[in-house]
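Worksheet for the structure shown next.
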Amino acid sequence: MELQLQHLSKQYGSKRAVDDITINLTPGVYGLLGANGAGKTTLMRMICGVLKATSGNIHLNGKTMQELGERYYAHLGYMPQDFGFYPDFTAREFMLYMAAVKGLGKEKAKSRTEELLALVNLQDKADKKIKSFSGGMKQRLGIAQAELNNPTILVLDEPTAGLDPKERVRFRNLISDFAKEKIVILSTHIVSDVSYIADIILLMKNGSFLLQEPMATVTDSIKGKVWEVLVDEYEAARYSEQFSVVNLHHENNMVRLRIIDKVPPSPAAIYVEPSLEDLFLYHFGEEVKEEK
Amino acid sequence: MIKYEFLKIMRKKSTLIIMAVSLLVTSFLFGLPIMQYQTYSEDGVIKGKEGIAFSKKQFMDLSVPLSEEYITEIIKEVQQLFENPDNVGYDGNEQFLIGDAYWNDIAPREKLLNMIAKTYDSPNENSGYQKLASLDGNSHADFYQALQTKMQTLLNAPERALSDEQKEYWSSMSGKVETPLQYGYYEGWEIIMSSLELLMIAILSVCVVVAPIFSGEYQAGTDAVILSAKYGKTKLISAKIMASFLFGTLAFTLHVVVACGLPLATFGTDGWNLPIQIANTMIPYPFTFLQAALLSIFIIYLILFAMISLTLFLSSKMKTPYLVLLVLVPVLFLPMFLMPNGTTGAYNLMLFLLPYRAAMPEIGKFISYQLGSLVLDAFSVRAILYAILTIVLLPVARGGFQKHQVI
């Protein structure tokens with residue numbers, strides 16, 4: 001199975017939200033990383049056929065989305081960011097409704113609903129109205145509905161946003177379980193989420209991919225460039241102006257800085273193994289600071 | 001899917017509240033003539049059930065065919081009453097019957113006498129039963145001839161500005177009215193026919209409930225999930241449309257049952273098979289009260305379907321249900337404040353087709369539309385217009401949701 005995005009662009013007025021993206025996606029988990037406004041959600045909406053591209057095409061196994069019509073959507077499972085529910089529906093009713101919209105037969109819909117509600121640990125709450133659910137429960141229901149038709153393309157937009165650390169771990173495991181033999185596109189700005197489950201990292205900035213690398217080698221571009229130094233607060237301020245500081249940590253009266261640079265920032269600097277977070281902050285440090 | 005879309009509508013508290021309020025208002029509006037009903041006897045006002053029973057009893061003797069002989073006879077009876085000066089009062093303006101002459105011989109059949117008298121009135125005259133005293137008592141009543149003559153006078157009146165084809169259309173239609181007219185009690189039907197436009201409240205309520213069908217998905221943020229599902233852009237839209245129509249039809253029918261049920265339960269169904277001309281001899285449609293009511297309600301159903309379609313179209317195009325209502329309410333109720341200044345001319349003919357006015361039967365106004373030599377009455381044009389609106393708006397609504405972009 002191959003999902004091809006060919007010269008995909010989306011323009012809003014003078015702003016290019018997605019800029020000429022071309023990529024071939026085969027089964028695997030794709031971690032779509034980028035700061036807010038990088039174009040991740042716009043790209044996912046286009047893949048899911050709910051937003052029309054200004055230019056470019058999406059092909060599934062050689063046929064365009066338009067040619068495939070309903071057959072394209074039959075391959076999709078989509079969990080949008082902050083998507084709404086029907087507050088007066090119970091979890092079971094919502095699942096059965098979504099199963100009907102996804103074209104599942106009555107019996108299949110029932111069995112799949114029960115199976116998935118159990119899998120996301122909501123079987124006890126199946127007959128409770130969704131308006132009584134917590135954020136985490138809604139997220140779990142969200143991924144359960146996306147899995148109803150056992151999609152071959154699973155698109156998850158910020159699925160862990162708003163979850164506490166324990167729920168995030170549970171959610172990551174769920175996604176890993178669902179990911180087998182599928183193209184999973186997972187967007188997030190929580191780096192640790194993708195570092196556990198992604199096979200390939202797609203780093204997105206200003207509407208295009210800055211980097212497309214397997215998880216194993218994604219940090220190679222900054223290998224040998226990540227350093228740690230322990231300095232006083234006055235020195236820390238000077239280092240912050242001079243170098244790309246991706247993290248700082250106060251230790252008594254001193255500050256431990258994590259710096260990315262080609263050469264050691266000081267003779268006392270210690271080389272450390274780069275992480276995905278270093279890479280992310282290296283590329284999006286300014287955006288992250290602005291968001292803060 | 002239809003089941004779930006229907007469930008979505010029914011599960012909302014707002015649906016139940018809107019429907020309950022609307023049913024209460026409809027019950028009140030159609031119940032008002034019942035609550036206010038009163039009749040008179042020599043002893044004073046009789047209200048409520050007793051008044052209705054009293055009136056019905058009086059009509060029992062009047063349930064007869066209005067033959068020329070019968071009308072001639074009762075005209076003579078009225079004239080004889082006027083011949084006795086003891087029976088006649090005068091208020092400086094007109095003569096009228098008083099005392100036993102009035103209470104025994106006029107009051108029990110005053111509605112019938114007024115109807116007969118009005119047939120002999122000139123178009124702008126409304127003289128009441130007193131008119132009968134001025135008719136030639138020695139000759140035959142020629143009631144149906146007088147009816148035809150008045151009809152022709154009305155059709156030829158310059159202010160009506162009817163074309164020859166239109167005059168021919170109405171003459172031909174009124175010629176189909178079977179004579180002699182059968183008279184009888186018809187109070188319940190009269191209330192229904194005069195209040196039908198109040199069902200617009202029910203139409204508005206249905207539209208308020210179906211306004212979120214598409215826009216509610218946009219507002220709630222569920223559009224992305226359903227539009228990316230296999231049937232999100234195809235069968236789901238059909239299910240939404242069918243659920244809206246199913247709900248609209250059921251809810252509206254409930255209102256119709258209440259609206260018609262109240263007067264019919266109170267006054268009885270008497271009169272369903274009587275010709276509508278006994279309420280106004282100048283009505284050209286050859287219908288019974290039941291036929292006229294059914295046709296009028298059928299037109300209102302078509303208005304309902306067109307308004308549901310319009311609501312769905314607006315709903316597919318607008319971000320929230322509130323914006324939908326912002327457009328819809330003026331469309332439904334603005335015509336209420338626009339008054340016709342006749343029955344011809346582009347303004348009036350347009351006005352009679354707008355939702356509120358189109359819900360009024362206007363059965364005795366000779367409203368007709370002409371295309372070349374083809375003449376159609378208001379019922380036909382309203383039926384065609386609202387059926388076309390429904391047929392045109394539904395695919396547009398479907399397209400609106402299909403093409404919706406999740407931004």
Side-chain angles (χ1 to χ4, degrees), chain A residues 10 12 17 41-42 44-54 65 68-90 93-104 106 109 129-131 138 141-143 145-146 148-149 151 153-155 157, chain B residues 1-19 209-244 247 316 319-321 398-407:
Chain A
K10 181 70 190 178
Y12 293 113
T41 297
T42 304
M44 291 181 137
R45 284 174 179 165
M46 287 194 288
I47 291 171
C48 291
V50 296
L51 183 64
K52 208 173 168 185
T54 308
M65 185 195 276
L68 290 166
E70 281 180 356
R71 281 176 292 156
Y72 177 81
Y73 293 104
H75 284 276
L76 272 181
Y78 181 31
M79 180 188 175
Q81 186 181 5
D82 297 329
F83 83 103
F85 292 86
Y86 306 112
D88 294 312
F89 269 26
T90 65
E93 282 169 346
F94 177 70
M95 289 290 280
L96 289 171
Y97 170 71
M98 284 310 301
V101 183
K102 285 169 181 255
L104 271 68
K106 252 185 183 175
K129 287 197 174 172
I130 303 175
K131 63 183 168 193
K138 283 180 188 168
L141 186 59
I143 193 157
Q145 68 77 27
L148 268 167
N149 52 330
I153 304 165
L154 186 59
V155 181
D157 193 358
Chain B
M1 270 189 277
I2 298 170
K3 180 186 121 187
Y4 286 108
E5 287 302 331
F6 191 74
L7 207 62
K8 263 200 230 173
I9 297 172
M10 293 305 291
R11 278 284 171 83
K12 286 182 189 162
K13 262 188 197 162
S14 57
T15 300
L16 300 177
I17 294 168
I18 292 164
M19 281 301 117
V209 172
V210 300
I213 288 289
F214 295 119
S215 60
E217 304 284 2
Y218 310 154
Q219 195 183 29
T222 43
D223 49 352
V225 178
I226 56 176
L227 281 168
S228 63
K230 186 180 177 186
Y231 293 140
K233 293 183 179 183
T234 49
K235 290 181 181 173
L236 177 70
I237 305 178
S238 305
K240 280 179 175 291
I241 291 172
M242 285 167 87
S244 305
F247 170 79
S316 75
K319 284 179 185 169
T320 70
R398 175 182 284 276
F401 190 64
Q402 259 169 354
K403 288 175 189 153
H404 171 70
Q405 303 286 294
V406 180
I407 296 171

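These numbers come from a predicted model, not from an experiment. All values below come from the heavy atoms of this structure, side chains included, with hydrogens, waters and symmetry mates left out. Protein chains get the first letters and strands the later ones, always in sequence-line order, with residue 1 at the start of each.
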Could you check if a side-chain atom of B:L227 sits within less than 4.5 angstrom of a side-chain atom of A:Y73, using non-hydrogen atoms only? no
Taking B:E5, B:K3, B:Q219, B:K403 one by one, which has the highest count of heavy-atom pairs under 4.5 Å against chain A? B:E5
Please look at A:M79 and chain B and tell me whether the side chain, the backbone, both or neither of the residue comes under 4.5 angstrom of a heavy atom of that chain. neither
Residue selection (most heavy-atom pairs with chain B, distance under 4.5 Å) from A:A17, A:G77, A:G103: A:G103
What's the verdict on side-chain contact (heavy atoms from CB on, under 4.5 Å) for A:E70 and B:T234, showing C-alpha distance, side-chain angles and the deciding distance? CA-CA 8 Å; A:E70 281 180 356; B:T234 49; 2.6 Å; yes
Do the non-hydrogen side-chain atoms of A:M98 and B:V225 ever get within less than 4.5 Å of each other? yes
Beyond-backbone contact of A:F89 with B:K8, side-chain heavy atoms, under 4.5 angstrom: yes
B:V406 versus A:L51: any side-chain heavy-atom pair under 4.5 Å? no
State, yes or no, whether a side-chain contact exists between B:Y4 and A:V101 at a heavy-atom distance under 4.5 Å. no
So NZ of A:K52 and CD1 of B:I407: to nearest 0.5 Å the spacing works out to 12.0 Å
A:L96 versus chain B, heavy atoms under 4.5 Å apart: side chain, backbone, both or neither? both
I would like to know whether B:I226 and A:Y78 meet side-chain contact (heavy atoms from CB on, under 4.5 Å); could you show each step before the answer? CA-CA 9 Å; B:I226 56 176; A:Y78 181 31; over 6 Å; no
Is there side-chain contact between B:K12 and A:Y86, with at least one heavy-atom pair below 4.5 Å? no
For A:Y12, which atoms come within 4.5 Å of any heavy atom of chain B: side chain, backbone, both, or neither? side chain
Among B:G232, B:S228, B:A229, which residue has the highest count of heavy-atom pairs closer than 4.5 Å to chain A? B:S228
Are the side chains of B:L7 and A:E93 in touch, meaning some heavy atoms are under 4.5 Å apart? yes
To check you understand the geometry: which heavy-atom pair defines the closest contact between A:G49 and B:K233, and what is its length? O-NZ, 2.7 Å
Which one, A:K102, A:R45, A:H75, leads in non-hydrogen pairs under 4.5 Å with chain B? A:R45
